[in-house]
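The structure under discussion appears below in the form of structure tokens.
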Amino acid sequence: MLTMFIRALILYVAVILIIRLMGKRQVGQLQPFELVFTVIVSDLAATPMSDVGMPLLYGILPVGALLLAYALISIL
């Protein structure tokens with residue numbers, strides 16, 4: 001139980017940091033592309049949060065890759 005709590009806390013902090021890097025504070029400021037990004041990030045973080053047998057990096061690395069893709073698309 002404590003393991004799941006710690007995993008959830010770590011993933012929560014990671015997702016909050018990723019969303020903050022987007023520069024948006026409210027859902028109303030999100031463009032449709034950014035809203036889809038947010039939903040995908042939350043889905044990627046949910047799986048390792050609930051499955052203790054799955055390493056946390058399986059949730060954090062894809063979220064980081066999405067952040068990189070988001071940054072590249074924003075620049076273009």
Side-chain angles (χ1 to χ4, degrees):
M1 186 71 159
L2 181 61
T3 304
M4 287 187 73
F5 175 76
I6 292 171
R7 291 171 67 90
L9 188 63
I10 291 170
L11 286 169
Y12 174 77
V13 169
V15 169
I16 292 297
L17 288 174
I18 296 291
I19 298 299
R20 296 295 290 168
L21 287 173
M22 287 175 54
K24 305 297 180 182
R25 291 184 177 253
Q26 298 176 1
V27 175
Q29 295 177 335
L30 295 176
Q31 299 296 322
F33 167 74
E34 296 167 334
L35 183 60
V36 169
F37 174 81
T38 305
V39 170
I40 292 172
V41 165
S42 64
D43 184 52
L44 285 172
T47 304
M49 189 183 311
S50 61
D51 186 2
V52 180
M54 182 180 287
L56 282 177
L57 284 179
Y58 284 14
I60 294 174
L61 288 179
V63 169
L66 278 178
L67 176 64
L68 180 64
Y70 172 79
L72 290 174
I73 290 172
S74 295
I75 290 171
L76 295 175

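One finds the CG atom of L9 at 13.5 Å from the CE atom of M4 (value rounded to the nearest 0.5 Å). Note that the CG atom of D51 and the CG atom of L56 stand 10.5 Å from one another [nearest 0.5 Å]. To the nearest 0.5 angstrom, I73 atom CD1 is 9.5 Å from L66 atom CG.
Listed by chain and residue number, L2, I10 satisfy the side chain to side chain contact (heavy atoms under 4.5 Å, CB included) test with I6 (two or more places apart in sequence, or in another chain). For Y58, the side chain to side chain contact (heavy atoms under 4.5 Å, CB included) partners two or more places apart in sequence, or in a different chain, are M54, P55. The side chain to side chain contact (heavy atoms under 4.5 Å, CB included) test applied to V39 returns no partner, not counting sequence neighbours. Under the side chain to side chain contact (heavy atoms under 4.5 Å, CB included) criterion, V63 pairs with I18, V41, L44, sequence neighbours left out.
The minimum heavy-atom distance between V52 and R7, with the atom names listed, is O-NH1, 3.7 Å. For the residue pair L11 and P48, the shortest heavy atom distance occurs at CD1-C, 4.0 Å. In this structure, P62 and L57 approach most closely via the heavy-atom pair CD-O, 3.7 Å.
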